[in-house]
Peer 1: 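Structure incoming, see below.
Naming convention: chains lettered A, B, ... in sequence-line order (proteins, then strands); numbering from 1 in each chain.
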Protein chains: 2
Amino acid sequence: MNYMLKDENAIYYECGYSCDNALYLSLGAEAFFITDSRYTIDAQQNVKGANVVIDGDLYGSAVKLLKKAKVKKVVFDPKEWSVAGFEKVTSQCKVTFKPELDFSHKKRIIKSDEELKILAKAVKLGAKAFKALAKEFSENGFGEDEYALTYTAKSILGGFGKYELSFDPIVAVNANAAKPHAMPTKTKLKKGDLLLVDAGLKYKRYCSDCTRTVEAGKGFKFDTKQKFKSKKIQKAYDTVLKAHDNAIAKARSGMKAKKVDALTRDIITKAGFGEYYVHSTGHGVGLDIHEMPYISTKSDTIIEDGMVYTIEPGIYIPDEFGIRIEDMVAMVDGKALVL
Amino acid sequence: MNYMLKDENAIYYECGYSCDNALYLSLGAEAFFITDSRYTIDAQQNVKGANVVIDGDLYGSAVKLLKKAKVKKVVFDPKEWSVAGFEKVTSQCKVTFKPELDFSHKKRIIKSDEELKILAKAVKLGAKAFKALAKEFSENGFGEDEYALTYTAKSILGGFGKYELSFDPIVAVNANAAKPHAMPTKTKLKKGDLLLVDAGLKYKRYCSDCTRTVEAGKGFKFDTKQKFKSKKIQKAYDTVLKAHDNAIAKARSGMKAKKVDALTRDIITKAGFGEYYVHSTGHGVGLDIHEMPYISTKSDTIIEDGMVYTIEPGIYIPDEFGIRIEDMVAMVDGKALVL
């Protein structure tokens, strides 16, 4: 099969290198990594299994290679290509370009042993950062607003410049945690507040992703065991934790993804919080922070060994509080192993 | 004219608000800002001059609005739209979609007085950060590698969480500065090294952009007046500074952009460094770090009052050193005013 890629991570997956201006062609037995002269040295040293082509005009270069290879059909993902870039290639070639949504994500849904090791290491580094963050917040976080707390989370998760982040961390206090994608506000953290942190870092380009919700007292930790003085919050927290643990214990290879979603959702619904669980159970994680499989009420994807995804149930009571507990699991020997 | 926008900054320019999942339609006298429910409150509070539509299916929502408005022609920028998103809208409408490259950038090429004020403030904050950075590097930077120096630059330019950055700063020592888009290495800064820093921050979403090249001694400053112990470096530096100053002094509204480019290039070429000046003189700056006008050897764009762009000549001697001096100018009363 012939295919062409434009997305940075999709290209990295093919040849072990990528940059912000690259185009990748796989044409029969040959593959081509096209980039501009800023990346000549890095590309030549790192690209594996593809010919490096240096040309400021990526699209023009692709057209030449497509014509030379005389291929008839080329697969592409319409999400990866801009209308302008796609037009530049396709208007000059008598080739059939076949759209296939999530083409690269589908290839990447089962992680190799090497990828699983890297992802496990990313998660381990993330967990270490959460420990350091709890210590820092406990010592210096009270009285700071969400902007400052978010900056601290970025610094610590990023290893003070050592790692890139999987995404901008979410650090939300009390009612702000009720928004699943909360943006920072001027709300200050006080002792006894509910604190939700959702954050991750990248190790060798692979993402970690973790959420903890705690009552922020002196010396608090980002453990999943938490005591809240509010009975209502405690009830919601215990429900989310039960849902989280249930999915991890009972997810199996061979199940449909929507069955895994039900493992969290049924518990939350039975406890009377169903309407406050406003998102899916989880998403795949790899080079991208959101990949396949999607663990949603509608997904018929069959869970298989080697898949890596999040289990992240939540309960969000508007204007009061939000709770989410998230871990990444890998399917190993038919079961979900927490990374 | 009817048009549809997908780019975050293009949308912000129209209505004073944007987010990472939005679509904007301008249809006759009415305009529509479409986003999902995560942004309901922010959009309703901040969008000006457009109806806020909350719908998780942005494209489906756009189709409904296009059908209802019964418009015949809609302009779009093919660089802004993915093939998948464009297809979702266009396959369901009997409308002529007219591609216009850089549609929003063309609208934004002349800055308003309000925008000029914001850009001037962004540059001022950037200059303040460069001062603080020189102090920090001078006190604690020697012995640190480019990764650590880059992290420090990010922290200081970002006001420790207060501002977003215009781009990832470039901090390059000696031979690494010879790459115009240098990535950090493990090279450590020593006293007397050549140090190039290219960095900027965002104020009210508008970008600053500045480059300085210095000999990093005790108490050094990021001024344009610099003394280098190497005669070769000094000669190159003086040439770049002369080119930079010449363009600022002689750029005029009414000139073609390529004439402005020649104001730096001719001086560098005459000094015998022409082959080492491997890029254009500058680029427009605004909501995006790279906008129109492009100050290149090929650009026939007529420079006008209200345009804002960089003057950033450079000389790059491979494996030896690189020099670049960059400032942002605004065209005011026919002349280039350094911001």
Side-chain angles (χ1 to χ4, degrees), chain A residues 6-7 19-21 36-42 56 76-91 97 99-103 144-155 158-164 167-169 171 179-185 278-279 316 318-319, chain B residues 6-7 19-21 36-42 56 76-91 97 99-103 144-155 158-164 167-169 171 179-185 278-279 316 318-319:
Chain A
K6 194 72 193 62
D7 176 75
C19 60
D20 64 2
N21 192 37
D36 69 67
S37 61
R38 288 175 295 166
Y39 301 105
T40 307
I41 296 167
D42 286 345
F76 75 104
D77 181 349
K79 284 185 187 170
E80 274 184 35
W81 289 74
S82 73
V83 172
F86 185 67
E87 180 68 16
K88 276 186 197 165
V89 173
T90 59
S91 64
F97 292 92
E100 190 169 326
L101 279 171
D102 302 313
F103 172 74
E144 297 292 324
D145 68 14
E146 289 173 347
Y147 288 101
L149 297 172
T150 303
Y151 179 71
T152 302
K154 276 189 193 179
S155 304
F160 300 95
K162 202 167 172 192
Y163 307 112
E164 288 196 43
F167 53 91
D168 272 353
V171 180
K179 301 175 207 157
H181 288 259
M183 306 297 278
T185 71
V278 294
H279 57 65
Y316 309 91
D319 303 321
Chain B
K6 193 74 194 63
D7 176 76
C19 59
D20 64 1
N21 193 36
D36 69 67
S37 60
R38 288 175 295 166
Y39 302 105
T40 307
I41 296 168
D42 286 346
F76 76 104
D77 181 348
K79 284 185 186 171
E80 274 184 33
W81 288 75
S82 73
V83 172
F86 185 68
E87 180 70 15
K88 276 186 197 166
V89 173
T90 58
S91 64
F97 292 92
E100 191 170 323
L101 278 171
D102 301 313
F103 172 74
E144 296 292 324
D145 68 14
E146 288 172 348
Y147 288 102
L149 298 171
T150 302
Y151 179 72
T152 301
K154 277 189 193 179
S155 304
F160 300 96
K162 203 168 171 191
Y163 307 112
E164 287 196 43
F167 52 91
D168 271 353
V171 180
K179 300 176 208 157
H181 287 260
M183 305 298 278
T185 70
V278 294
H279 56 67
Y316 308 91
D319 303 321

Peer 1: What part of Lys79(A) is in contact with chain B, defined as an atom under 4.5 angstrom from a non-hydrogen atom: side chain, backbone, both or neither?
Peer 2: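 Contact with chain B is through both the backbone and side chain of Lys79(A).
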Peer 1: Select one option (side chain, backbone, both, neither) describing which atoms of Phe76(A) are under 4.5 Å from chain B's heavy atoms.
Peer 2: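 Just its side chain gets close to chain B.
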Peer 1: Distance check, rounded to the nearest 0.5 Å: Cys19(A) atom SG versus His181(B) atom NE2?
Peer 2: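 The NE2 atom of His181(B) is 12.0 Å from SG of Cys19(A), to the nearest 0.5 Å.
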Peer 1: Taking salt bridge (charged side-chain N to carboxylate O under 4.0 Å, His left out) as the test, write out the residues that go with Asp168(B), two or more places apart.
Peer 2: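 Scan of Asp168(B) (salt bridge (charged side-chain N to carboxylate O under 4.0 Å, His left out), adjacent residues dropped) gives Lys154(B).
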Peer 1: Take atom CD of Glu164(A) as the centre, draw a 6.0 Å sphere, and report whether it contains more than 12 heavy atoms from other residues, nucleotides or ligands.
Peer 2: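 Counting other residues, nucleotides and ligands, CD of Glu164(A) stays at 12 neighbours or fewer.
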Peer 1: For Asp20(A), look at atom CG and say whether over 12 heavy atoms of other residues, nucleotides or ligands are found less than 6.0 Å away.
Peer 2: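 It does: Asp20(A) CG has more than 12 such atoms within range.
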Peer 1: Where do Ser82(A) and Pro78(B) come nearest, in terms of heavy atoms and distance?
Peer 2: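 Nearest pair, atom of Ser82(A) first, then Pro78(B): CB-O, 3.8 Å.
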Peer 1: Do Ser155(B) and Phe160(A) come close enough that some side-chain heavy atom pair is under 4.5 Å?
Peer 2: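 With C-beta onward as the side chain, the pair stays apart.
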Peer 1: CZ/Arg38(B) to CE/Met183(A) distance, rounded to the nearest 0.5 angstrom?
Peer 2: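 The CZ atom of Arg38(B) sits 9.5 Å away from the CE atom of Met183(A).
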